[in-house]
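The structure under discussion appears below in the form of structure tokens.
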Amino acid sequence: MADTGNNDAFVAFERVQKSYDGETLVVKDLNLTMPKGEFLTMLGPSGSGKTTCLMMLAGFETATHGEIKLDGVSINNIPPHKRGIGMVFQNYALFPHMTIAENLSFPLEVRKIGKSDRETKVKRALEMVEMGAFGGRRPSQLSGGQQQRVALARALVFEPELVLMDEPLGALDKQLREKMQFEITHLAHNLGITVVYVTHDQTEALTMSDRVAVFNDGRIQQIAPPDELYESPKNSFVAQFIGENNTLEGRVKEIKNGIAVVQLDNGDLIDAKPVNVEKPGDRTLVSIRPERVEFNRDRLKPDAHTLKAEVLEFIYMGDIFRTRLRVAGSDDFIIKTRNAPDQRRLQPGEQIEIGWLPEDCRALDAPQV
Amino acid sequence: MSDSTHTGPMLAADGTPLKRSLRRALRAQKMRALALIAPLLIFVLLTFIAPIVDMLFRSVENQIVGNTLPMTVEELRDWEATEVPDEQVFRALFFDLFLAAEAKEHTKLGSRLNYEKSGISSLFRTSGRDMGDIGEVFQDALEEIDPAFEEASTWVEMMSGGAGAEPNARLMSNQIARLEALEATTFSGDAEFLPGAAISDILPNTARAYAAFAAFTQFVDGKSVTKEEPWEAVYAALALDLEDPATKTAVASYAGPGADNLRAAAAATLPPIAMRDAFFESNKDWANVTFWETIKTYSPPYTTGYFLNAVDMEKTPQGIALRSEDERIYGILFQRTMFMSLMITFSCVALGYPVAWILANLPTRTANLLMILVLLPFWTSLLVRTSAWKVMLQQQGVINDVLVWLGLVADESRLVMINNQFGTIVAMTHILLPFMILPMYSVMQTIPPSYLRAAKSLGANNWTAFWRVYFPQSVPGIGAGSILVFILAIGYYITPEIVGGTTGTFISNRIAYHISSSLNWGLAAALGTILLAVVLILYWAYDKIVGIDNVKLG
Ligand SMILES: Nc1ncnc2c1ncn2[C@@H]1O[C@H](COP(=O)(O)OP(=O)(O)OP(=O)(O)O)[C@@H](O)[C@H]1O
Ligand SMILES: [Mg+2]
């Protein structure tokens, strides 16, 4: 939505819509441009249309409306096998009846590349993912992580400029996933390829991408670099979807000096940064990250608004402490504090006062219910 | 070093070696598991394995000749098969055939040998009737000499050697065993009569014939030997014994019961024994050496004859040879069966593959609906379906009518599509098609669509993606379907019987004919065994080429 007609965009979705059944739009008015070499992640809850977008780009689904361009050329009518887009599937889709080397040489064979050329390319691609010794095995004889690497190598072996990955790490355990995340980003940057990556794991999205497109309900809610996404979510969906968040509902009382004073439903007043509220009287959802909440009165501005809170639970998590509070009638207000020698450990039952810097607290649109 | 005492086998807690106690524990587990499946195992053994073993046995079994004509077979052992056997053989044949005729088993032997040599059954049937007449001559002569020979008691006394004489139990039990083999039963109870040892030495033939008579009377007729006048064969045996001058001298010094009667018989002149001529008179075919060849060829208890017959060969005195051209039928039949089964299998693959593919790629609801159509034939009687093809394909049938109506075929030259190979292939393809579609469908269903997409994303066009990626993964389904259809087809019976005419029948129709009409079960068993072997060999070959673990039925 922020990106519009950019002519040197490598990948471009222009007003793309998609409906499977002719009744509901699964993708609604998608506009997106990507420069060459970008690592873009599509993040969103299940059913938000991420795979559909990827499939339209790969050519397995046709857009109901709108245009998809690759390198400035509309590819709406180009069949998938002529698009030259590499793709890594969620279940890897390694051909079970072929060895690893045959799997990798398949895209080269169909491109009629000579045998010796093929062999060197296959070897190079396998070495790139550190699977050089496994060329003679069948996919079923590899572990999940190894299959994943092979799938990656197969998608890269014919040197596509654009690679699509649909939840490629979904089936791996946490440690392996983190290792592979690192390897994939490195490979992508070293090879200079453009990657569209789909996941619904937000940590993965934040750590890997140049930009993240947050999908919900067939629309991109926000597309921004990870830090911006985390620190300045544009709307309540993004705020709630990315990272942990405390939310409070209320009505804007006044806006002055770029600070909105919000009156919560129980009458308490707080300070917030107006993001998409315009005028006093608007209903709003106020969002604040747990690690930005302060309960040490000395560290707050003297005129800052504060809220009374009761400590309900203290959880020791090693590097951080996690404390659950009752604030303004809600029982699941979380604060996180770093485990430092001078850090106070709050005791359940304790009555405290909490506050924050106005720029850390964002007054967003109220959810439509 | 200090540990050297512990290098022995590991011990369990109770001190037994660990290995042994583990084995014991496992064995108990295995036995329990076995006990659970035992009923099924027994059921399978009884209903599946046992008939097959029986069939294999029947295809080589040939004890009927040896059981019916034991002495003749013995005499024929050194016969050269160049000319009609000598008197010695005919004498043995007389006693064998006499007993067989009494037991009414001679016609069975006749039918058995008739499979190998036609005409031989009437030989046995007619001569069986004449055995009594041949022996009667000697009965009349002996009774003339001494009326005491008419009395059953004379014979019992004489042949048992009187009270307290040493018996020849062995002779009696041999005769009982022989009778048991002939009648294919077992008798229970002790023999009422035992021949005396002394008289058996002097009159071996008479003792043997009388023992056979006694065994038959007691165990088969259920009568008492003391009240029955002996068979004519016993009189003939006595005449035969008395023919030898040595016997006459022995009789002269014999003192046992009936010695006087025997001496009287020995002193008189008895009719000459010429069994050979008597048989020739009964049926001149006994002078035909080829009949004797057949008897000798099939005298061993096991024979390859049925198998040779099943592959269009026969045993001749010169060895094994191919049958004459006009008698060869099974080779052609086997070839035809194989060829047509292959044709049916290929037709099923060709028709079934697209259907299975469509079913596997439709949404489940639609696929299930269409699956009912595939399964529909299973709910209709096989006979109805086959007969429907008769209606469709016959010369006045639906298809011909349509073709004539369209003007594609002239009314005079309607196509012949039934009672030939074409009709059989069409009808059987239709009937066996579900067996091809189902395994292919279940295999195709497990192939995720992402493979085809992956292939296309890698640059393969539709055909390459199908041929290089989809098709190889569907091969296990084709393999399973083909094996299923081929094995079902090769042994199919009803459909070829109805629509096959003469040129479209299978080997199984021939087997059925031998089982129910010609009653040549041995040949039917041999044909069935060959069929089984062919299937097993094909299965083995398939395993070598494609690998049986590549077969998936679901
Ligand atoms: N082939 C199809 N036919 C009909 N509807 C479909 C089809 N594929 C997807 N949909 C619908 O389109 C919507 C978006 O699906 P999509 O697969 O793009 O979601 P996603 O964002 O990839 O979700 P996930 O994270 O679970 O993979 C869903 O509501 C889904 O039910
Ligand atoms: Mg998806």
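A, B, ... follow the sequence lines: proteins, then strands. Residue 1 opens every chain.
With a 4.5 angstrom heavy-atom cutoff, Phe60(A) touches chain B via backbone and side-chain atoms both. There is no contact between Arg83(A) and chain B, counting heavy-atom distances below 4.5 Å. For Glu109(A), the part lying under 4.5 angstrom from a heavy atom of chain B is the side chain only. For Leu108(A), no part sits under 4.5 Å from any heavy atom of chain B, backbone or side chain.
A salt bridge links Glu119(A) with Lys115(A): at least one charged nitrogen is closer than 4.0 Å to a carboxylate oxygen. Remark: Arg453(B) engages Glu61(A) in a salt bridge, criterion side-chain N to carboxylate O under 4.0 Å.
Not less than 6.0 angstrom separates the ring centroid of Phe506(B) from the ring centroid of Tyr492(B).
Listed options Thr464(B), Asn462(B), Asn461(B) were ranked by heavy-atom pairs under 4.5 angstrom with chain A; first place goes to Asn461(B).
Both the sub-6.0 Å distance and the 45° axial angle are satisfied by Arg154(A) relative to the ring of Phe95(A).
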**Prompt:** Are Ile431(B) and Leu382(B) close enough, and set up right, to give a side-chain contact (heavy atoms from CB on, under 4.5 Å), and what steps lead you there?
**Reply:** CA-CA 8 Å; Ile431(B) 283 158; Leu382(B) 182 64; 3.6 Å; yes

